[in-house]
Amino acid sequence: MAQVSLRNVSKVYPGGVVAVKDATLSVESREFLVIVGPSGCGKSTLLRMVAGLEEATGGEIWIGNKLVNHIPPKDRDIAMVFQNYALYPHMTVFDNMAFGLRLRNYSRREIDQRVRDAAAILSIEPHLNRKPRELSGGERQRVAVGRAIVRKPLVFLFDEPLSNLDAKMRVQMRTEIRKLHLRLQTTMIYVTHDQTEAMTMGDRIVVMNKSVIQQVADPLTIYDHPANKFIASFIGSPPMNFLAGKIVRSTEGLFFTDDTLRLRIVDEMTARLLAYEHKPIIFGIRPEDLYDKLFITDVPKDCVVTSSVELVEPLGAEVYLYLRAGKHSLIARVGPHDRPEVNQDIDLVFDMGKAHFFDVSTEAAIV
């Protein structure tokens, strides 16, 4: 297995379009790393530079102890799974999976053994004599993954491999790919725009936006301690609520306030916010950290805001409440039985121990 290292890697297209800017990243051997971000942020370009399908404009790309910037893709000992599967329609499943091995002059016996072993891992043995057009989307994706497995590469690269599948099949396939990683214990880099895939699959997550790596951490750290407002809004569904206001101090303590609400800041957060007294600031809170006071027995002081319910979305195990608090629109995620009526006023409790604060000018988290 191999470590992958990117050192100040950039990609600039003709005309000065910057696709990736100064990316530095280390992927550990046997790690499952997920790169996530919105469309056009540079994540697929970054992956394609590792694969050798795009040439880096600057910086160094290392696979193991080998600098690979000028090594062609076929000699990098990587295998890539694409969004569109890239299967040969005139070949059987067996021949699609065996094609790369034949190009490398493996023996017929070795090819047969590797293809059948991979097919067994992916449960596609009954389909080895079929053509791609005879398979479902999920089965085609398994064939594409199987073609990568038979190579036994140092690194697996996945470029949004599940985006063409329906919702149910995506859930199934992301579970299968994660199990595959646990079984093969190989280095995998996985690109997606789906933050749910990122959170459920990755050992670590790389969040990209506007060609720049924003944060690299394990999923819970990304969720609980986002480095900036973009990450806080991108990771999590429904997204984090944001309110613009300022920090003020009274004899009772420190408060976040605007024209319509006043929320007391918990003691452990006051030290880092004193520098923002009377300055504009962005307050953030996740939907699951808002509660209906009716269902809370011990409510801390100065954390309740009367809100009007504008819409109720029941989703089975949970309910989304769309609320109006003064001039603010908020989303709360509550239990299936905490269901007020539309146009009903409720006392909304803010769990201020879970609050986030961001600098207005830089949008960086205040930590």
Side-chain angles (χ1 to χ4, degrees), residues 36-39 163 165-168 170-171 192-200 207 209 219-220 222-224 226 228-246 255-265 280-358 360 363 365:
V36 65
S39 297
S163 57
L165 302 178
D166 62 47
K168 183 178 180 181
R170 280 203 303 274
V171 172
T192 180
H193 65 273
D194 186 329
Q195 50 99 2
T196 302
E197 279 183 26
M199 291 292 291
T200 56
V207 183
N209 188 40
L220 285 180
I222 292 279
Y223 191 80
D224 291 334
N228 56 46
K229 182 173 178 278
F230 166 76
I231 298 168
S233 63
F234 187 77
I235 301 295
S237 181
M240 184 180 288
N241 298 287
F242 297 105
L243 293 75
K246 62 183 179 180
F255 291 82
F256 170 81
T257 184
D258 71 356
D259 299 335
T260 57
L261 53 79
R262 186 171 182 265
L263 298 167
R264 189 175 189 279
I265 294 166
I281 199 169
I282 299 170
F283 166 83
I285 192 160
R286 293 208 179 272
E288 62 268 27
D289 298 324
L290 297 172
Y291 317 105
D292 186 344
K293 185 181 178 183
L294 186 65
F295 300 96
I296 306 296
T297 53
D298 186 17
V299 178
K301 186 180 179 183
D302 298 318
C303 67
V304 180
V305 176
T306 300
S307 307
S308 176
V309 179
E310 296 186 322
L311 182 66
V312 177
E313 275 189 358
L315 297 173
E318 58 191 12
V319 175
Y320 294 170
L321 304 180
Y322 294 80
L323 305 146
R324 171 66 61 178
K327 64 181 181 181
H328 303 291
S329 294
L330 299 168
I331 305 176
R333 183 165 66 192
V334 299
H337 305 298
D338 307 347
R339 229 170 113 177
E341 300 295 326
V342 173
N343 297 325
Q344 179 181 338
D345 285 346
I346 65 171
D347 288 329
L348 192 65
V349 179
F350 286 65
D351 186 345
M352 295 301 290
K354 303 287 184 63
H356 300 261
F357 294 91
F358 304 91
V360 169
E363 297 194 347

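In this text, all values refer to a predicted model and were calculated from it rather than measured experimentally.
Among residues two or more places apart in sequence or in another chain, the side-chain hydrogen bond (donor to acceptor under 3.5 Å, both in side chains) test is passed with D289 by none. Scanning for ring pair (Phe, Tyr, Trp, His ring centres under 6.0 Å) contacts around F350 gives an empty result, with sequence neighbours left out. Applying the side-chain hydrogen bond (donor to acceptor under 3.5 Å, both in side chains) rule to S307 yields no partners; only residues at least two apart in sequence or on another chain are considered. Take E363 and apply the salt bridge (charged side-chain N to carboxylate O under 4.0 Å, His left out) test, not counting sequence neighbours, and it matches no residue. A search for salt bridge (charged side-chain N to carboxylate O under 4.0 Å, His left out) contacts involving D345 returns nothing, not counting sequence neighbours.
We find the CZ-CD1 distance between F234 and I222 to be 11.0 Å, quoted to the nearest 0.5 Å. Here the OG1 atom belonging to T200 is positioned 7.5 Å from the CG atom belonging to D194, to the nearest 0.5 angstrom. Going from atom CZ of F256 over to atom CD1 of I281 covers 7.5 Å, rounded to the nearest 0.5 Å. Rounding to the nearest 0.5 angstrom, the gap separating the CG atom in L321 from the OG atom in S308 is 11.0 Å. For the atom pair CZ (R286) and NE2 (H356), the distance works out to 5.5 Å, reported to the nearest 0.5 Å. Atom CG in D292 sits 11.0 Å away from atom CG in L290 (nearest 0.5 Å).
R170 is listed as a side-chain neighbour of E197, based on a closest heavy-atom distance under 4.5 Å. Within the 4.5 Å cutoff, the side chain of V305 has no heavy atoms near those of the L330 side chain. Counting heavy atoms from C-beta on, the side chains of K293 and I346 never come closer than 4.5 Å. Side-chain contact between F230 and V207 is present, with at least one heavy-atom pair separated by less than 4.5 Å.
The list of side chain to side chain donor-acceptor pair (under 3.5 Å) pairs with a residue in residues 309-318, not counting sequence neighbours, reads E313-Y322, E318-Y320.
Not one N or O on the side chain of Q195 forms a donor-acceptor pair closer than 3.5 Å with the backbone of V36.
More than 12 heavy atoms of other shown residues, nucleotides or ligands fall within 6.0 angstrom of atom CZ in R324.
A donor-acceptor contact closer than 3.5 angstrom links the side chains of D258 and H328.
Residues S163 and H193 approach most closely at CB-CE1, 4.4 Å, considering heavy atoms. Shown here for P314 and R339, the closest heavy-atom pair between the two residues is CB-NH1, 3.8 Å. Taking each heavy atom of L323 and A332 in turn, the nearest pair found is CD1-CB, 3.9 Å. Shown here for S233 and P239, the closest heavy-atom pair between the two residues is O-CB, 3.4 Å. Of all heavy-atom pairs spanning A365 and F358, the tightest one is CA-CD2, 3.7 Å. V309 approaches P340 most closely through the heavy-atom pair CG2-CG, 3.8 Å.
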Next on the checklist: Test ring pair (Phe, Tyr, Trp, His ring centres under 6.0 Å) on F283 and F357; report intermediate values, then the result.
Outcome noted: CA-CA 5 Å; F283 166 83; F357 294 91; 5.5 Å; yes
